[in-house]
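Residue numbering restarts at 1 for every chain, and letters A, B, ... go by the order of the sequence lines.
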There are 2 protein chains.
Amino acid sequence: MPLTEVQPVKTRTFSEEVAERLREAIRNGSLGAGSRLVEQEVAEQLGVSRVPVREAIQMLVEEGMVRKAPHRGAYVYLPTAYEIEEISSLRVVLECFVVERVIQNWNRAHEERLRSIVAAMRAGMQGGDPQRIYEQDYAFHYALWEIAHHSLLLEVVSGLRSRLSRFLYEANSALSQEGASRHVDSHDEFIDVLKSGDVATAQQEIAIHILSAKTRILTHCQLAPVQSPAPPPTGPVAAESVR
Amino acid sequence: MPLTEVQPVKTRTFSEEVAERLREAIRNGSLGAGSRLVEQEVAEQLGVSRVPVREAIQMLVEEGMVRKAPHRGAYVYLPTAYEIEEISSLRVVLECFVVERVIQNWNRAHEERLRSIVAAMRAGMQGGDPQRIYEQDYAFHYALWEIAHHSLLLEVVSGLRSRLSRFLYEANSALSQEGASRHVDSHDEFIDVLKSGDVATAQQEIAIHILSAKTRILTHCQLAPVQSPAPPPTGPVAAESVR
DNA sequence: CAATCGTATACAGTATACAAACAACCGACC
DNA sequence: GGTCGGTTGTTTGTATACTGTATACGATTG
């Protein structure tokens with residue numbers, strides 16, 4: 001018996017689960033910038049022991065959302081405007097590389113996949129569902145990364161984007177109706193460019209896409225005022241309500 | 001009191017210490033590809049408990065030296081030739097970006113710093129010290145990354161290079177006398193190009209540098225034979241002598 | 001004899017307990 | 001009054017014990 005349609009049981013560890021909760025809490029703002037992540041507190045709130053919490057925090061450190069120093073603990077990190085610039089400039093370089101490879105690998109199936117994502121995005125827009133737009137925007141990029149067929153590139157560039165996720169969500173929510181509409185349309189136009197095989201134009205397009213996202217973040221989101229060389233926030237900022 | 005030149009006392013945790021030992025063991029081959037890293041065993045051999053070992057292994061996973069699957073443990077990973085290609089192609093893209101920024105920021109002090117590194121490299125070559133050549137080669141790149149003044153770029157590109165470190169050391173050791181000499185000279189010539197401000201040429205040079213390193217690795221080092229979708233090596237490959 | 005299931009064993013995942021380190025506070029001494 | 005030094009509390013770092021899962025091997029049945 002082949003037993004198709006049967007998915008393997010997802011075996012997520014507590015660590016991953018905790019990391020997901022913390023990511024969510026940071027993204028939606030209930031864990032604001034500077035909040036200290038005290039292992040004991042988080043563990044009690046989520047009903048697990050400190051070990052999974054430690055590992056979860058470590059994951060967030062890798063992802064750039066949290067910083068920590070030995071014996072001094074972890075806290076939610078707020079990037080500076082300069083760091084947003086850094087991330088975006090790297091994204092431009094890497095996404096241009098992605099585009100180059102996508103065009104090399106281009107085929108009909110890829111086009112359909114991308115078109116359907118844009119369709120879902122448009123549906124979300126018409127339904128007034130910013131969350132869905134955000135998700136489909138991510139799906140679009142993720143599809144491009146996969147089409148590029150370069151697993152390491154995917155890892156790096158998706159990691160970069162995840163560093164912006166909490167701001168992108170916020171900034172895109174503030175998009176006007178016409179703005180969102182133009183945003184969605186630009187994706188369809190971008191597919192046309194990919195299809196035409198014009199690498200230079202496609203790279204220019206995606207660079208504009210990334211830089212406009214950066215601009216939206218810089219104008220709509222609160223960021224750290226200056227370069228912050230001081231590691232920990234001195235004040236005991238309460239880390240309330242993780243779930 | 002400004003107290004420049006004073007570095008904070010580095011308070012290394014056991015985790016970092018263990019990670020360093022494991023890295024070294026992998027680099028010098030005493031932990032060969034496919035060796036399983038059993039937490040209990042490593043902990044006993046190094047005289048610490050399992051917790052620091054877990055964290056150390058996690059670090060190596062981030063660095064790409066080790067893979068792990070839930071409930072199945074960790075093992076030393078041997079990249080495929082394709083993955084070496086992936087790493088190198090990304091390095092080309094990123095180092096070209098580095099070069100662009102280095103030229104933008106170029107000044108006299110930077111030139112002197114790079115020249116002195118090449119001088120040390122040449123000394124190591126004449127002294128027949130391949131270890132030193134390797135170190136100075138790293139120092140050269142690290143200096144470039146710093147001059148680019150882009151901390152995230154530094155993080156990403158240095159991480160990429162660390163994935164190659166164990167192979168670069170091996171491949172560069174096999175360099176002939178004249179080969180090493182040409183290698184060193186090429187660094188001085190590269191500084192000249194940077195000084196001239198010719199971005200395109202500098203990018204071409206560094207691309208050649210990276211791709212020749214790749215070729216050396218592919219020809220001199222043993223790599224995984226095929227794409228390895230099978231995560232763990234089934235056989236209980238003994239993990240002998242970590243220290 | 002083959003295929004499948006049960007059972008044992010090994011090891012990662014998790015919980016709890018203890019020790020060490022940092023930071024803040026407070027008192028003493030210049 | 002300010003600085004130095006001890007003292008205490010909080011929090012991380014580490015050790016140990018326990019639980020759950022995966023794999024292998026042997027038992028059982030057709």
Side-chain angles (χ1 to χ4, degrees), chain A residues 1-3 8-22 31 34-61 66-76 230-240 242, chain B residues 1 3 7-22 34-61 66-77 230-240 242:
Chain A
M1 52 181 173
L3 271 193
V9 179
K10 60 171 178 181
T11 169
R12 295 182 64 170
T13 62
F14 284 12
S15 307
E16 299 171 56
E17 206 76 45
V18 172
E20 191 53 43
R21 301 290 184 94
L22 290 176
L31 275 176
S35 304
R36 291 194 55 194
L37 293 175
V38 177
E39 296 175 2
Q40 183 69 36
E41 287 181 21
V42 177
E44 283 170 8
Q45 286 191 40
L46 297 184
V48 297
S49 81
R50 274 179 54 207
V51 176
V53 174
R54 275 179 79 82
E55 299 189 342
I57 289 176
Q58 185 56 37
M59 294 180 203
L60 299 186
V61 170
V66 165
R67 298 248 163 143
K68 65 183 288 193
H71 295 284
R72 291 217 271 174
Y75 59 97
V76 178
T234 40
V237 184
E240 70 268 10
V242 170
Chain B
M1 51 180 173
L3 269 194
Q7 299 297 327
V9 179
K10 61 174 176 182
T11 165
R12 298 182 62 167
T13 62
F14 284 13
S15 308
E16 299 171 55
E17 206 76 45
V18 172
E20 191 53 43
R21 299 290 184 95
L22 290 176
S35 305
R36 291 193 56 194
L37 293 175
V38 178
E39 297 177 0
Q40 184 69 40
E41 287 181 20
V42 177
E44 283 170 8
Q45 285 191 38
L46 296 183
V48 297
S49 81
R50 275 178 56 207
V51 177
V53 174
R54 275 180 78 81
E55 298 188 342
I57 289 177
Q58 186 56 36
M59 293 180 203
L60 299 185
V61 170
V66 165
R67 297 246 164 144
K68 63 183 290 192
H71 295 286
R72 293 215 273 173
Y75 59 98
V76 178
Y77 183 69
T234 41
V237 183
E240 69 270 9
V242 171

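Summarising the geometry, atom CG belonging to L60(B) is positioned 9.5 Å from atom CD belonging to E20(B); distances are rounded to the nearest 0.5 Å. Atoms CD and CZ, from Q45(B) and R21(B) in turn, are 11.0 Å apart once rounded to the nearest 0.5 Å.
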Checklist line | Test side chain to side chain contact (heavy atoms under 4.5 Å, CB included) applied to M59(B) and E16(B), step by step | finding: CA-CA 9 Å; M59(B) 293 180 203; E16(B) 299 171 55; 4.2 Å; yes

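With rounding to whole Å, E44(B) atom CD is found 13 Å from dA15(D) atom C1'.
In terms of heavy-atom proximity, V18(B) sits nearest to L46(B) at CG1-CD1, 3.8 Å. Nearest heavy atom pair, residue G34(B) against residue Y75(B), reads O-CB, 4.0 Å.
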Next item on the list: Can you check each nucleotide of nucleotides 12-18 of chain C against protein heavy atoms at under 4.0 Å and return B for base, S for sugar-phosphate only, - for none, in 5' to 3' order?
Entry: BBBBBB-

